[in-house]
Structures are given as C-alpha cells and as structure tokens.
Amino acid sequence: MTLDLFKRMESEVVALLHDMGERQELLHAEGIRVTPRQLLGIEIKPWAKEIAELVLWIGYLQWHFRTHGRVSPPPEPVLQDYQNIECRDAVLAYDRAELVRDEKGKPVTRWDGQTLKKHPVTGEDVPDEKARVPILNYVNPRKAEWPQADFVVGNPPYLGNWRMRAELGDGYAQTLRATYKDVPESADFVMYWWHRAATMVRSGAVRRAGFITTTSIAQVFNRRMVEVHLTDQESPASLVFAIPDHPWTTAKYDQTTGGAEVRTAMSVVAPGNVEGTLGRVAREYEAENGEVRIDLTWRTGKNKRRSNSRRKRDRGQPTPSKHGY
C-alpha cells in the first residue's frame, strides 16, 4: 500500500515536470523514480523476508506495466538486490544465543508455547510437554538499530505480555525487559515497537509513525506507555490519527456477537501538541462475501493531557470530549 501511494505521488511530480518542459530522459531517471529501494524493512523470519521483497517487486512491476504498458519496459536488470529488507530481530540485538545447560551439561528445554494435545480425561487442549525447545542465553544484548528513514509503519507481532515467556522463552523475555528498562514489564510485545517509534518521532529522527496493533493499546497497562510520550513537557508527541477498536480487514462477521471476531487498533503519532482525528466504529454489518463492513464516526481535536486522578478514573480507555480525545 505504501509503494502504491508513493507511485501515485510520483506520477503527479512527473506530470508537473513534463508540463514544465523537462526532457523525457530526465523523467525516467532512476534518481527521481520510486522503486522498492525506498522501502526498508526488518523481518526475523527468512521466508517472510523473501516474501516481503517479492511482494514489493510484484507491486512495482504491476504499477509499471499498468502505467506504461509493454511499450516502455522497466530498466534492466528488472529485479535488483537493494538489500533493503534485513533479516534480523527488530527490537533486540545480541552477539549470539547460547544454550542454557544444567549441571550435567545437558541443554535445558521448555514447552514450545504452541503445540497442544487433548487431555485424556477432559478432552480439552492442554500443552504437549513432549514439544520442547531449548532455553537460550543472549550474549551482549542491546536495543536493535533501525535504518534511517522518514516514516515508520507496520503491524508488529500481536503478543500479550502474559504470552511473551511462553512464545519467546524465559531467556528472551527477561533479556528484552532488562534491555528496555523504560518499558513497563506489564506492556505487550507490540509496545516495544510503538515506544521505539514514538521516541524517534519526538527526537526528530522520523516524521511520523503509524501502527496497526491489538486493541489492548487502549488498556491501562499499555496506555501508560502511550501517555509518557503524549505528556512530555519538553518534546511531546500527539496522536494525529487513532481508531481504538476496528475489525481486522479479513475478519468474518460473527452472527452471535454482531461484529468481527478479530479486533485491531490503529494509531499515528506525530511530533508536537497538534490536533488529531479519532475514529469510532458506529455500526458493523455483514457484507455479501461474509466479511465485515463498517460505518465510522470522526472527531477532530487536540489530545487531552490527563492528570493522575483522571488516569485512575478512566481506567485507560480513550475518552471523547467536545474539544478532543
């Protein structure tokens, strides 16, 4: 989607340059053309990294042929290795991961946090203790560096703080929390991305940051982290766009609850104390294909900076008002 919007803006710029009399050769120069080079990424899974690069190139070539047809082929070589998608951990860097061993030198293991089996009596899904993975120790841990960029966008892993140990392991969870001492232990995994990006926005390292997260970002244990950035006296940030409870794009309509089973939140943070737009889902209904259609209501205003007493009363929920949210 970002690449598509970039290419739309590029078309407007190129059309303006053409109207101003620029030569055709300049209009096709690589220096002013949007390519996958401009989109940077960090992905920890090798196969997901490859898919991300492939999707970018498919989108780029589709746009090119849709715009220029086959009369003007793309520059050779068509596919280039820009190395713009890195395969690594996006929040935690370390020199190496070592096996934790017991007094006999055998690797210590844990349940993999995912594999289940049926309980022989109750028939319920319970952890399969035979599905084991080793416990790791992370040497020289530190905050992962992010490449220099103008904007940060993404949908980080949807993992609650109570699931971090089971999914990522005790060693990783403990190391992560010790490395990010400025993030409360009660915060969800996604907040490490949100906090890092908001910090970069406030420092001027990036212009804006936007994330799709779980709806728990509006709950008190995550909202504390958000308010740290919104209430800073020297360099505050503002939510310039927020939808605290939105159906996931591919969620199906649930006849029982009258809405989508999967919920997300959207937030965009910008520097300064500026106005923002709050979206609320006014109505959800089933589309012809079984997916969820929604109607939204919008309100514009400045983010309200809450006092300590107000924070206790609202229990972390977004509070619309006449003047903002």
Side-chain angles (χ1 to χ4, degrees), residues 41-55 83 85-147 154-197 211-217 219 221-222 225 248 250 261-264:
I42 305 174
E43 174 55 59
I44 195 170
K45 298 178 180 178
W47 60 267
K49 169 190 176 295
E50 299 297 328
I51 290 176
E53 291 180 337
L54 179 62
V55 168
Q83 299 184 356
I85 309 295
E86 302 178 59
C87 187
R88 59 182 175 88
D89 193 312
V91 288
L92 186 64
Y94 45 88
D95 291 347
R96 62 187 181 277
E98 299 178 337
L99 292 174
V100 176
R101 300 181 182 274
D102 61 18
E103 61 276 5
K104 296 181 179 180
K106 294 183 178 180
V108 180
T109 62
R110 64 174 180 87
W111 174 53
D112 66 5
Q114 298 179 349
T115 307
L116 303 174
K117 66 178 181 180
K118 295 294 183 181
H119 192 280
V121 177
T122 65
E124 296 180 351
D125 288 332
V126 295
D128 184 354
E129 291 299 327
K130 294 181 179 180
R132 313 290 296 180
V133 293
I135 296 178
L136 301 175
N137 177 50
Y138 298 86
V139 179
N140 189 25
R142 55 197 180 275
K143 296 180 180 180
E145 293 294 331
W146 287 2
N155 55 329
Y158 294 178
L159 191 62
N161 70 302
W162 59 278
R163 290 288 299 168
M164 286 175 59
R165 289 185 179 274
E167 293 280 349
L168 305 174
D170 289 342
Y172 186 93
Q174 292 172 359
T175 303
L176 182 70
R177 287 166 176 162
T179 303
Y180 287 83
K181 294 182 174 61
D182 46 355
V183 177
E185 289 195 6
S186 59
D188 286 350
F189 196 33
V190 70
M191 296 309 296
Y192 290 87
W193 276 261
W194 203 98
H195 166 64
R196 181 71 174 277
F211 290 105
I212 301 175
T213 67
T214 56
T215 55
S216 64
I217 192 173
Q219 296 175 0
F221 48 89
N222 288 324
M225 190 75 264
W248 183 240
T250 58
E261 293 182 352
V262 182
R263 319 295 299 184
T264 63

- [ ] Can you measure from CE (Met164) to CG (Asp170) and round to the nearest 0.5 angstrom?
- [x] 11.0 Å
Open item on the list: A side-chain contact here means heavy atoms from C-beta on lying under 4.5 Å apart; do Asn155 and Thr264 qualify?
Closed with: no
- [ ] Compare every heavy atom of Ile42 with every heavy atom of Pro147, then report the nearest pair and how far apart it is.
- [x] CD-CD1, 3.9 Å
Task: Shortest non-hydrogen contact between Glu167 and Arg110, atoms and distance - done: O-NH2, 3.6 Å
- [ ] Quick one: pull up CG in Asp188 and OG1 in Thr213 and give me the separation to the nearest 0.5 Å.
- [x] 9.0 Å
Task: Considering all heavy atoms, the nearest Ala144-Ala90 contact - done: CB-O, 3.5 Å
TODO: First locate atom CD of Glu129, then atom NZ of Lys117, and finally report the distance between them rounded to the nearest 0.5 Å.
DONE: 7.0 Å
Task: Heavy-atom side-chain proximity of Tyr180 to Arg196 below 4.5 angstrom - done: yes
TODO: Please check if the side chain of Asn140 supplies one atom and the backbone of Asp95 the other of a donor-acceptor pair under 3.5 Å.
DONE: no
Task: Contacts of Ala178 that satisfy side chain to side chain contact (heavy atoms under 4.5 Å, CB included) - sequence neighbours left out - done: none
Open item on the list: Test: ring pair (Phe, Tyr, Trp, His ring centres under 6.0 Å). Region: residues 111-141. Which pairs qualify, not counting sequence neighbours?
Closed with: Tyr94-Tyr138, Tyr138-Tyr172
TODO: Of all the heavy-atom pairs spanning Ile217 and Met191, show the shortest one and how long it is.
DONE: CG1-SD, 3.9 Å
- [ ] Report the distance from atom NZ of Lys49 to atom CG of Leu54, rounding to the nearest 0.5 Å.
- [x] 11.5 Å
Task: For the student: nearest non-hydrogen atoms of Ile85 and Ala52, plus distance - done: CG2-CB, 4.4 Å
Task: CD1-CZ distance between Ile44 and Arg88, expressed to the nearest 0.5 angstrom - done: 10.5 Å
Open item on the list: Counting C-beta onward and ignoring hydrogens, is there a side-chain heavy-atom pair between Phe221 and Pro184 closer than 4.5 Å?
Closed with: no
Open item on the list: Counting C-beta onward and ignoring hydrogens, is there a side-chain heavy-atom pair between Leu176 and Tyr192 closer than 4.5 Å?
Closed with: yes
- [ ] Answer whether the closest heavy-atom distance between the side chains of Val183 and Arg177 falls below 4.5 Å.
- [x] no
Open item on the list: Tell me if a side-chain donor or acceptor on Arg132 pairs with a main-chain N or O of Thr109 at a distance below 3.5 Å.
Closed with: yes
Task: Other residues, nucleotides, ligands: >12 heavy atoms within 6.0 Å of Glu185 CD - done: no
TODO: With the side chain counted from C-beta on, respond yes when Lys118 and Asp125 share a heavy-atom pair under 4.5 Å apart, and no when they do not.
DONE: yes
Open item on the list: For Arg101, give me all partners under side chain to side chain contact (heavy atoms under 4.5 Å, CB included), at least two apart in sequence or on another chain.
Closed with: Leu99, Pro107
Task: Point-to-point distance, once rounded to the nearest 0.5 Å, from CG of Leu136 to CG of Leu168 - done: 11.5 Å
Task: Minimum heavy-atom distance between Ser216 and Asn222, given as atom pair plus value - done: O-ND2, 3.0 Å
- [ ] Please step through side-chain contact (heavy atoms from CB on, under 4.5 Å) for the pair Arg165 and Gln174, ending with a clear verdict.
- [x] CA-CA 8 Å; Arg165 289 185 179 274; Gln174 292 172 359; 3.2 Å; yes
- [ ] With the side chain counted from C-beta on, respond yes when Ile212 and Tyr158 share a heavy-atom pair under 4.5 Å apart, and no when they do not.
- [x] yes
